[in-house]
Amino acid sequence: MNMLWRFHLLWILLSRADSFSVTVPSSPILVVRGATELLRCEFEPDYNISNLVITWQRQEDLRVVHSFYYEIDQLDRQSADYSGRTKLNHKELAEGNASLSIANIGLKDAGNYMCIVNNRKGTGKGVVQLVYTAFCSEPRLSILLKSTDVTVQYEMEGYPKPEVMWLGSEGQNLTDHLEVSSASDGGLYYLKSSYITQSPVFNVTFTLKNPPAHQEVQRHFNLSYDGNMSSSRSVVVLSVLCFFLLCSTGLLLWLYCRVRSIHTGLM
Ligand SMILES: *[C@@H]1O[C@H](CO)[C@@H](O)[C@H](O)[C@H]1NC(C)=O
Ligand SMILES: *[C@@H]1O[C@H](CO)[C@@H](O)[C@H](O)[C@H]1NC(C)=O
Ligand SMILES: *[C@@H]1O[C@H](CO)[C@@H](O)[C@H](O)[C@H]1NC(C)=O
Ligand SMILES: *[C@@H]1O[C@H](CO)[C@@H](O)[C@H](O)[C@H]1NC(C)=O
Ligand SMILES: *[C@@H]1O[C@H](CO)[C@@H](O)[C@H](O)[C@H]1NC(C)=O
């Protein structure tokens, strides 16, 4: 940057800071693993974009997510973490729209993004917060029969750590055994939860909740065995009743919340 340009920026900062507005969603945006997300940012438009400088930057460590000036994307300034994943719609810039799309969202993308805009009308910034989540995978069921007991087990992956519980027919907490491995680089927790019983008849409900994604899963079990538990040749009759409510209502609620947060944010 030459001195004149620097002076120009400083002058903009001093003289227009109060009147220039940059608008971003006020509530956090829930982003889903693997998705392409639009980070909305709007500013007072100027038809002539030759003086426009847009910088999307992480607030935590000032990594450059996307930079635009001299009417082009300045990709050599971009952090390698965002290389090839960001897109600014150049056609919208003259309309005052600096919204940035980020593809292939991962755990490390969670955090705060500053949208900093300079043009002839002024300079300003807004901060967009991304909250990362991953829909829990369909729980995988396995039933292990031994001569002494039965183990019903579910395995799944999600983020953040899903809340799982086993409930008895009267709603009592039967949560027995839970194994959790920490979130891997892929941004997922692996979870294994089992219920072990010696009873030949049992009625339990497995529940899974992933509140940020408004995801709830419920499985009802009504199992009974026929025969002698100690005999390895006992005939086992399993009547497994699985009603799953991988709530489409949950998904709708989630979509509704997202749409609402975007709208309220821009009003
Ligand atoms: C836009 O602004 C630049 C620099 O201020 C100027 O040189 C250019 O002529 C302007 N373009 C239009 C179309 O007004
Ligand atoms: C801003 O640009 C994005 C990306 O092209 C677009 O999806 C969005 O609708 C635009 N916002 C407005 C208010 O026009
Ligand atoms: C099993 O439990 C569910 C509720 O968890 C209840 O509605 C159902 O009647 C129970 N069935 C038996 C056989 O106890
Ligand atoms: C159910 O029991 C498990 C294991 O004892 C415990 O970790 C969990 O917090 C309990 N959940 C509730 C809702 O009481
Ligand atoms: C559960 O299984 C028992 C025994 O097989 C049966 O009597 C009962 O009706 C079943 N309950 C439900 C809710 O299906």
Side-chain angles (χ1 to χ4, degrees), residues 1-12 15-16 21-26 29 31 35-54 56 65-66 68-73 85-103 105 113 115 117-124 126 128 130 151-154 160-180 189 191-197 204-211 216-219 255 258-267:
M1 272 195 237
N2 62 38
M3 279 305 285
L4 194 65
W5 178 236
R6 268 173 211 245
F7 178 75
H8 184 59
L9 274 185
L10 187 67
W11 180 78
I12 285 171
S15 61
R16 308 281 181 91
S21 73
V22 170
T23 314
V24 293
S26 55
I29 301 175
V31 295
T36 295
E37 202 59 48
L38 186 71
L39 280 61
R40 286 173 182 264
C41 177
E42 281 155 38
F43 57 95
E44 239 172 275
D46 177 5
Y47 71 92
N48 186 344
I49 65 161
S50 67
N51 291 310
L52 178 64
V53 180
I54 293 169
W56 276 96
V65 177
H66 196 100
F68 175 96
Y69 53 81
Y70 298 151
E71 300 186 45
I72 54 168
D73 292 315
R85 294 202 290 140
T86 60
K87 202 164 144 239
L88 204 58
N89 191 343
H90 293 185
K91 284 186 205 132
E92 300 267 351
L93 296 178
E95 319 292 326
N97 184 349
S99 302
L100 183 76
S101 83
I102 303 181
I105 292 283
Y113 291 73
C115 172
V117 181
N118 283 289
N119 68 11
R120 289 188 302 182
K121 296 195 170 162
T123 184
V128 181
L130 297 195
T151 303
V152 186
Q153 176 184 286
Y154 274 119
K161 194 168 70 187
E163 299 163 14
V164 302
M165 209 159 50
W166 294 91
L167 299 171
S169 51
E170 262 87 57
Q172 68 275 33
N173 183 0
L174 300 174
T175 306
D176 203 1
H177 185 71
L178 199 58
E179 259 179 54
V180 184
Y189 277 107
L191 211 82
K192 185 155 99 176
S193 179
S194 52
Y195 170 66
I196 304 169
T197 184
V204 290
T205 302
F206 170 81
T207 67
L208 176 158
K209 283 184 192 164
N210 184 2
E216 279 191 35
V217 175
Q218 233 178 49
R219 299 280 187 277
L255 285 170
R258 274 191 53 185
V259 168
R260 197 188 47 179
S261 76
I262 288 164
H263 278 227
T264 51
L266 289 177
M267 260 188 257

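Numbering of ligands and ligand atoms starts at 1, following listing order. This chain uses plain numbering: 1 for the first residue, then up along the sequence. Because the structure is predicted, anything quoted here is derived from the model rather than measured.
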Under 4.0 Å, heavy atoms only, figure out whether ligand 2 is touched by the backbone of Glu42, its side chain, both or neither.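 Side chain only.
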
The test is side-chain contact (heavy atoms from CB on, under 4.5 Å); show your working for Val65 and Tyr113 and say whether it passes. CA-CA 8 Å; Val65 177; Tyr113 291 73; 3.8 Å; yes

So the atoms of ligand 2 within less than 4.0 Å of a heavy atom of Asn97 turn out to be 1 (C), 2 (O), 3 (C), 8 (C), 10 (C), 11 (N), 12 (C), 14 (O)

For Ser99, the ligand 2 atoms with a heavy-atom partner under 4.0 Å come out as 1 (C)

Note every protein N or O atom lying under 3.5 Å from an N or O atom of ligand 1, pairing the names and giving the distance.
from: ligand 1; atom 1: 2 (O); to: Asn48; atom 2: ND2; distance (Å): 2.3
from: ligand 1; atom 1: 2 (O); to: Ser50; atom 2: OG; distance (Å): 3.0
from: ligand 1; atom 1: 5 (O); to: Asn51; atom 2: ND2; distance (Å): 3.3
from: ligand 1; atom 1: 11 (N); to: Asn48; atom 2: ND2; distance (Å): 2.8
from: ligand 1; atom 1: 14 (O); to: Asn48; atom 2: ND2; distance (Å): 3.3

Compare every heavy atom of [Y] with every heavy atom of [X], then report the nearest pair and how far apart it is.
X	Y	value
Ala94	Pro45	O-CB, 3.3 Å
Leu167	Leu174	C-CD1, 3.8 Å
Leu93	Asn97	CD2-O, 3.4 Å
Arg40	Pro25	O-CD, 3.3 Å

With heavy atoms and a 4.0 Å threshold, my read on which part of Thr175 contacts ligand 4 is both

* Could you tell me how the ring of Phe68 sits relative to the ring of His90: parallel (under 30°), tilted (30 to 60°) or perpendicular (over 60°)? =>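 It falls in the perpendicular class, over 60°.
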
Using the rule given for side-chain contact (heavy atoms from CB on, under 4.5 Å), can you reason through Phe43 versus Leu52, listing the C-alpha separation, both sets of side-chain angles and the distance that settles it, and then say yes or no? CA-CA 11 Å; Phe43 57 95; Leu52 178 64; 3.9 Å; yes

A student checking ligand 4 against Met165 at a 4.0 Å heavy-atom cut-off should list atoms 11 (N), 12 (C), 13 (C)

Q) Asn119 side chain to Glu44 main-chain N or O, any donor-acceptor pair under 3.5 Å? A) yes

